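For reference, the structure discussed in these notes is given below.
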Amino acid sequence: MNENLPGWQRLTGILRDPREALTLSRGNIELWANLLIILCALVFMLLKGATFAVTLTTVFGIWAMLSISLNLVVGYTGLLSVGHIGFFGLGAYTVAILTSTTSYENLRTGEIPTFGWPFFAALPVAALVAGLVALLVGIAFNRFRDDIYVLVSFGFAIISFNVFLNLRVLTRGAFGIHDVARPQIGSWVFDTELELMLVSLVLLAIVIGISWFIVSSSFGRVLKAIREDEQVAEVFGYHVTHYKLAVWVISAMMTGLAGGMFSSWTTFIDPNSFILLESILLVSIVILGGLATIWGSLLGALAFVLLEEGMRFLPFLPQEYVGQARQVVLGVLLVVLMVFRPQGLVGRFKL
Amino acid sequence: MSNNASQNDYYILETLDISKHFGGVSAVDGLSISIPRRGVTSIVGPNGSGKSTLINLLSGTLPLDDGIVVIDGQRLRTIHAYETPDHSITRTFQEVRLFDQISVLDNILVVLTTRKFWSAVFERTSRQHRARAQEILEQVGMWEKKDSLAMDLSYGQRKLLEIGRAMALNVNIYLLDEPFAGLFPQMLERVKVLLKDLRDQGRTIIFVSHNMEIVREMADHLIVLDGGKLLLAGEVEDVLNQPEVISAYLGT
Amino acid sequence: MLSYFSRTERLIATLLVAIVLIYIGWRAISSPEQAMQFGFNGLSVGAIYALMAIGFTLVYSTVWFFDLYYGAAAALGAYSVFYLRSQEWLGGQYQVNTPVVNIILAMVVAGVAAWVIHTAFYGRFKERVDATALRIVGGALAMAIGIYTGLVLTFPSYLHITFGPVAAVAIGVAALWGIKYLYDRVSGGRGPRAGLLIAILSGGALAITLGLILVNSPGSKLYLSWAVSCLLAGTVGLALYRGLYVRMRQRSRSPLIMLVASLGILLALTACISIVFQSAPRPLPDPFGSVPWTIGGANIKGFNFFAIGTAIAGFLALFSVLKWTSFGRAVRAIGDDEEVARVVGINTTVIVAIVFFVGTAFAAMAGILSGHDTAIQPRMGLLLLLKGWIASVVGGIGNLYGAILGGFVLGLIEQFAIWDLAGEWKDVVAFGLLILFLSFWPQGLLPRK
Amino acid sequence: MEQQSFTTQTAPTGLNGSGSDMTLELRDVSVHFGAVAALQNVSLGVSRGELAAVMGPNGAGKSTVLKAIMGLAPVTGGQVFWRGSPLVAATHEIVKQGISFVPQGRRVFTHLSVSENLELGCLYLNDRAEQQRRLDSVLELFPILYDKRRDMASQMSGGQQQMLALGRGLMANPEALLLDEPTLGLAPIIVKEVFEKVHEINEKLQTTIFVVEHNIKGVLDIASRAYVLDKGRLVHSGTPRSVQETNILTDVFLGRLGADSEEEP
């Protein structure tokens with residue numbers, strides 16, 4: 001069977017002749033990865049019941065939004081950005097600042113103004129703020145590539161963390177912002193887990209839709225061409241700088257969207273959610289799932305969420321070490337992937 | 001001025017005193033050449049004589065240090081790579097540079113689709129694009145391979161695909177850097193046929209080659225470079241029979 | 001095409017820098033005592049950055065890929081000092097000494113020792129001695145080294161007895177080699193055996209004296225723990241290089257693959273450190289007392305002098321090794337053109353392994369100093385690495401002079417910047433500086449010639 | 001060095017049939033880069049004290065011959081023989097066995113000084129006196145390097161860099177010196193100088209030299225054996241005179257030989 005056939009053609013092949021399924025599965029890492037992760041998810045949800053499943057789905061939705069938008073930059077355009085947590089934080093803080101109604105004394109500035117906007121008004125603003133900052137950052141970063149790009153994006157993550165921590169007038173520093181508004185339409189407040197899951201999934205659907213629209217257009221093809229060979233893409237008449245900047249801004253805006261959702265879901269944010277390490281985790285999700293596929297990012301996010309929950313079940317692992325143990329696993333996975341499978345589980349692009 | 005105009009009409013591409021230095025070494029040194037409209041011009045010369053640098057300069061891949069390039073009567077001091085399709089120029093590379101990790105079909109489609117920034121987002125691959133891509137891929141004999149990644153192709157196929165990709169861009173001037181190097185005989189024939197087709201459509205083909213046999217067969221005009229300077233230019237047989245050429249190749 | 005800034009923009013940037021410099025100068029003149037304090041703090045912090053940058057430059061300019069493990073090495077170094085010293089110093093407040101860690105580290109050390117013994121001796125002796133016997137002896141030796149490491153780690157309060165003599169012997173041997181080398185250079189290699197004799201005598205004497213001093217003074221444990229930490233971090237670096245990077249480099253993959261792999265290593269190691277030590281910041285003991293001296297109105301601790309001294313000594317040592325020894329020549333040759341270096345008969349794998357070892361030892365030392373300066377936390381490594389990298393970009397990447405200059409410049413600028421800004425903004429200033437330099441002066445202050 | 005079994009086997013029928021007197025020899029060597037064949041069943045060699053030249057147009061696989069000897073190219077068939085026994089060693093070990101390689105394009109260590117560059121040629125020696133002796137003799141052979149010995153190699157002209165590369169190769173005191181395109185990209189007057197120097201090394205030091213060259217005239221004057229490669233195959237071997245007589249070079253270079261070729265890079 002031809003390896004290069006698209007998935008649906010293989011599926012119809014299996015429907016016609018079930019034996020195809022056997023030949024397909026032999027040595028097919030992608031298929032096994034898919035099956036394993038989805039099965040794990042199902043088993044988990046069955047074991048832990050509906051509430052757990054709903055929360056898991058919400059968290060998954062946020063991480064999936066993040067990884068899809070990062071994949072647009074890393075997988076499709078080939079810019080390995082480790083700074084996306086900055087845009088995530090920008091989105092989260094914008095929504096938090098605009099919607100929070102709790103005001104309290106700050107050490108220096110006294111009363112902090114509150115805006116009390118509704119969530120759905122703040123969310124687009126969050127995306128816009130992230131996009132605007134991305135535009136400025138992108139203009140400065142566009143000249144760098146490869147390893148230099150990675151390092152300056154590290155820089156962006158650290159700078160944004162510092163801003164969140166130290167710009168107390170707006171972000172209230174290490175105290176964090178409480179009482180971030182839940183989504184609300186009219187008098188319908190989305191404050192149960194199920195309703196939040198709904199919002200998360202709708203936003204995820206929007207992100208998937210936008211990403212798919214870009215990826216499947218001529219624009220997306222040019223992005224891949226730029227990833228492969230910037231100079232040649234330029235010889236064929238594409239102004240590479242503009243394309244890179246555009247996709248960077250779009251990706252940042254979607255990341256900001258995810259940030260807004262995150263802050264409304266937790267209702268409390270502080271700078272510790274936006275440390276550099278989270279950004280590295282994010283990159284490892286994207287690489288684990290697979291570069292340059294939307295499906296891969298979904299899979300990676302799912303695997304990541306499951307990994308955390310799965311580790312809570314390990315009897316020998318104390319609860320407080322779960323986060324760290326997950327990091328160890330992801331780190332080792334990253335090394336293993338780089339040695340044996342640099343495109344990730346279902347990826348279409350090798351670093 | 002009529003004389004001048006007719007000259008401009010005869011030559012599609014001229015360089016006036018162009019130079020390019022790398023560190024202290026001049027790869028191209030005050031070079032002035034004229035390339036006639038239509039037909040095939042070959043650029044030959046020993047290693048390090050500046051052939052590839054010349055192609056890179058003409059296609060904007062390298063910035064000019066000095067001098068002027070006249071393309072179709074338009075005088076240019078700088079050529080930006082992303083403007084070359086507007087100047088009706090495209091090129092291939094000496095070491096084949098495809099978009100490795102996308103499919104063969106996409107490699108052609110990248111070139112076919114719109115170059116306008118905003119409309120690219122809203123443009124899907126249309127039936128005309130696919131038809132045109134199929135036409136080109138069939139011409140280079142790779143339609144069956146359309147779904148495989150460009151990096152999985154053999155060397156000869158990659159070379160052909162790169163020429164196909166250049167052909168997809170409907171321009172007048174083709175700069176081909178060593179299009180024949182390292183090809184099987186039947187591949188070689190195929191490339192020859194492709195180039196002859198292009199020539200018969202009235203395009204200008206400029207290619208660099210080391211293979212003198214093919215130069216004899218394919219080229220109408222010949223430009224011999226040595227040490228970044230013009231050694232000789234003219235009709236192929238005339239030039240090849242000059243003793244300077246033989247001595248440039250076999251050493252002093 | 002990358003868009004470069006035009007000349008006018010570059011001019012504006014230069015003007016900006018000039019204004020900043022003038023402002024700092026004006027502030028310094030208006031309150032010289034404070035300027036002295038900030039300047040000294042800057043130099044002290046800069047020394048740590050410089051140390052980081054020196055080691056980083058050594059590694060980067062040899063293998064030309066960005067190794068993030070280098071950051072983890074700094075944390076590893078600092079935490080192993082904590083590991084060895086906390087029990088005694090903090091009075092069992094933290095029960096960190098666990099057999100698991102000791103066994104793992106002992107195994108790593110044994111593995112690296114086995115490789116070192118193999119590459120150094122196996123090829124040389126296999127024709128003269130039976131190969132299996134050689135393997136058995138080598139294996140046993142490596143095991144012994146591993147077990148010894150385990151012992152040293154398990155009983156940190158006896159460090160001066162378990163490790164003191166070893167350190168003394170090592171220093172003695174180093175002195176022996178150094179004297180012999182100098183003697184050979186002076187005599188042009190034609191001198192009599194007297195040089196060797198002098199070297200052996202003086203080296204031996206040094207080793208014995210030092211050994212006696214170390215064993216009999218329990219106060220030396222902190223300094224010995226530094227040595228152990230540097231060695232451990234270096235060994236882990238060597239193990240990673242040998243086990244992972246060599247393989248990846250042979251396939252000559254893109255630098256990004258190496259970078260992401262080392263990102264994974266950083267992630268995993270940071271998390272391991274957090275698991276063993278918890279992620280909250282921890283203090284390190286002040287090695288030279290905390291009573292400050294007052295010089296020119298500035299309060300200066302002995303430790304600050306030590307940090308600056310270490311950076312300069314490290315620079316001088318590395319510089320002279322690179323400049324005058326054949327090892328240094330080989331290192332520079334590999335950095336220049338690895339293939340040709342192999343062609344002229346340099347065993348590049350071994351040389352690069354040593355470079356990794358030395359480089360990570362430098363990182364560990366920087367980490368230790370930084371820990372003594374402020375506090376240690378698992379995530380300190382990456383930030384230190386990035387600061388070291390910024391320092392080397394500022395100084396001119398791949399240039400050893402640039403590394404030390406860049407380190408001090410970065411430290412000074414950070415300190416002077418937080419004079420008027422709040423102290424928390426210094427990372428922002430550092431990265432602003434980085435982007436400024438990468439955009440306008442990618443060559444750095446002292447370009448690599 | 002483990003198999004010093006001096007089998008007096010006669011070499012398999014090389015094209016020239018002179019076989020076993022070769023000190024360095026490729027027997028039926030093929031080299032493939034991926035699917036691309038750079039060399040196909042090429043048998044050639046050089047006798048002790050001789051200067052052999054390998055010629056051919058671009059992409060004929062000339063440089064690959066030398067890279068195959070040095071272990072820098074993947075040999076997929078055949079074997080390289082050195083002093084009668086197969087040459088199997090890591091690249092850095094080959095130098096110690098007496099083969100020195102001067103790669104194409106004057107790849108000197110540009111960030112190192114001239115004398116450091118030279119010392120790198122015999123860095124594996126622990127004997128400083130011997131190192132110094134060799135340095136002196138090489139500097140004597142290349143007076144131009146003596147004048148510049150403290151300068152950075154990057155500050156030298158192309159010709160001087162080539163001399164430096166040659167000198168670095170000689171520092172290993174090699175029995176055989178492999179030169180890859182030593183005159184590439186040099187001015188004609190320097191080319192002449194380089195050839196004279198190569199000739200001098202061959203004559204005075206009795207070093208076996210294997211040179212890959214595109215400059216036919218220059219190299220044929222000094223060579224005692226000549227091979228012509230075309231598209232990864234050996235098309236001619238014999239004395240320089242035979243090469244000049246048969247006109248084969250003009251045919252190969254100006255493309256009159258017919259394109260019955262396989263793929264090559």
Side-chain angles (χ1 to χ4, degrees), chain A residues 78 80 82 137 139-152 154-163 165-166 168 173 230-231 234 239-241 275-277 280-281 283-284 287 317-318 320-321 323-339 342 350-351, chain C residues 1-5 60 64-66 68 240 244 247-248 251 253-276 278-279 378-379 382-383 385-386 389-390 393 397 421-436 438-439 442:
Chain A
L80 187 55
V82 200
V137 171
I139 288 170
F141 281 11
N142 235 333
R143 76 199 62 231
F144 310 126
R145 48 207 315 197
D146 293 345
D147 43 356
I148 306 278
Y149 196 90
V150 176
L151 293 157
V152 292
F154 266 127
F156 174 67
I158 287 176
I159 289 177
S160 51
F161 171 73
N162 271 284
V163 170
L165 186 63
N166 299 322
R168 300 207 189 85
E230 227 169 90
Q231 217 174 19
E234 200 142 85
H239 208 313
V240 167
T241 323
I275 56 174
L276 182 57
L277 218 58
I280 299 178
L281 285 182
V283 171
S284 56
I287 293 174
L317 195 68
E320 66 263 31
Y321 292 143
Q324 267 97 31
R326 185 187 60 183
Q327 266 181 47
V328 175
V329 171
L330 272 177
V332 173
L333 262 179
L334 216 50
V335 174
V336 171
L337 281 177
M338 283 303 110
V339 176
K350 294 176 187 169
L351 269 179
Chain C
M1 199 69 206
L2 299 169
S3 57
Y4 293 103
F5 280 111
Y60 188 76
W64 297 111
F65 87 90
F66 193 79
L68 290 166
L240 281 175
L244 190 67
R247 222 159 288 185
M248 295 181 84
R251 294 184 206 169
R253 295 261 185 78
S254 75
L256 275 188
I257 286 216
M258 310 277 289
L259 201 154
V260 171
S262 70
L263 193 69
I265 291 164
L266 177 78
L267 204 61
L269 278 180
T270 307
C272 285
I273 292 176
S274 307
I275 288 174
V276 178
Q278 266 93 50
S279 22
R379 282 189 251 125
L382 184 57
L383 199 62
L385 166 70
L386 292 175
W389 184 68
I390 296 172
V393 166
I397 212 153
L421 293 169
E424 303 89 44
W425 294 104
K426 63 172 199 265
D427 293 344
V428 178
V429 170
F431 277 98
L433 196 71
L434 167 72
I435 289 166
L436 205 68
L438 280 177
S439 302

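Quick note on labels: first sequence line is chain A, next is B, and so on, each numbered from 1. This structure is a prediction, so every number in the text was calculated from the model and none was measured.
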- Residue, of C/Leu263, C/Leu267, C/Leu266, C/Val393, that accumulates the most heavy atom pairs under 4.5 Å with chain A: C/Leu267
- Message: Return the OG to CG distance between C/Ser262 and C/Leu269, rounded to the nearest 0.5 Å.
- Response: 11.0 Å
- Residue among A/Val150, A/Leu80, A/Val332 with most heavy-atom pairs under 4.5 Å to chain C: A/Val150
- Query: Which one of A/Ile280, A/Val152, A/Val283, A/Val336 has the most heavy-atom pairs closer than 4.5 Å to chain C?
  - Reply: A/Ile280
- Task: Please identify each residue that fulfils salt bridge (Lys or Arg N to Asp or Glu O under 4.0 Å) with C/Asp427, with sequence neighbours left out.
- Result: C/Lys387
- Item | A/Phe161 portion near chain C, given a 4.5 angstrom heavy-atom threshold | neither
- Task: With side chain to side chain contact (heavy atoms under 4.5 Å, CB included) as the test, would you mind laying out the steps for C/Leu386 and C/Leu382 before giving the verdict?
- Result: CA-CA 6 Å; C/Leu386 292 175; C/Leu382 184 57; 4.2 Å; yes
- Task: Examine whether an atom of C/Leu244 lies under 4.5 Å from a heavy atom of chain A, and if so say whether it belongs to the side chain, the backbone or both; otherwise answer neither.
- Result: side chain
- Using modelled atom types only, decide if a donor and an acceptor are shared between the side chain of A/Asp147 and the backbone of C/Phe66 within a distance under 3.5 Å. no
- Query: Should C/Leu434 and C/Trp389 be marked as a side chain to side chain contact (heavy atoms under 4.5 Å, CB included) after you check the CA-CA gap, both sets of side-chain angles, and the distance that decides it?
  - Reply: CA-CA 9 Å; C/Leu434 167 72; C/Trp389 184 68; 3.4 Å; yes
- Message: Is A/Val329 close to chain C through its backbone or its side chain, or both, or neither, when contacts mean heavy atoms under 4.5 Å?
- Response: neither
- Message: Is any side-chain heavy atom of A/Leu333 closer than 4.5 Å to one of A/Ser284?
- Response: no
- Measure A/Ile275 against the heavy atoms of chain C and call it side chain, backbone, both or neither at under 4.5 Å. side chain
- Message: Looking at C/Arg379, I want to see if its CZ is surrounded by more than 12 non-hydrogen atoms of other residues, nucleotides or ligands under 6.0 Å.
- Response: no
- In terms of heavy-atom proximity below 4.5 Å to chain A, should C/Ile275 be classed as side chain, backbone, both, or neither? both
- Query: Heavy-atom distance under 4.5 Å to chain C: side chain of A/Ile287, backbone, both or neither?
  - Reply: side chain
- Whatever's closer than 4.5 Å to a heavy atom in chain C on A/Leu276 counts as side chain
- Under 4.5 Å to a heavy atom of chain A? For C/Leu68 that would be side chain
- C/Ser279 versus chain A, heavy atoms under 4.5 Å apart: side chain, backbone, both or neither? side chain
- Message: Determine whether A/Val163 and C/Trp425 satisfy the following criterion, side chain to side chain contact (heavy atoms under 4.5 Å, CB included), listing intermediate values before the conclusion.
- Response: CA-CA 8 Å; A/Val163 170; C/Trp425 294 104; 3.9 Å; yes
- For the candidates C/Val428, C/Ile265, C/Thr270, which exhibits the highest count of non-hydrogen atom pairs separated by less than 4.5 Å from chain A? C/Val428
- Task: Select, from A/His239, A/Glu320, A/Gln324, the one with the greatest count of heavy-atom pairs under 4.5 Å involving chain C.
- Result: A/Gln324
- Task: Kindly indicate whether the side chain of C/Phe431, heavy atoms from C-beta on, has any atom under 4.5 Å from the side chain of C/Leu436.
- Result: no
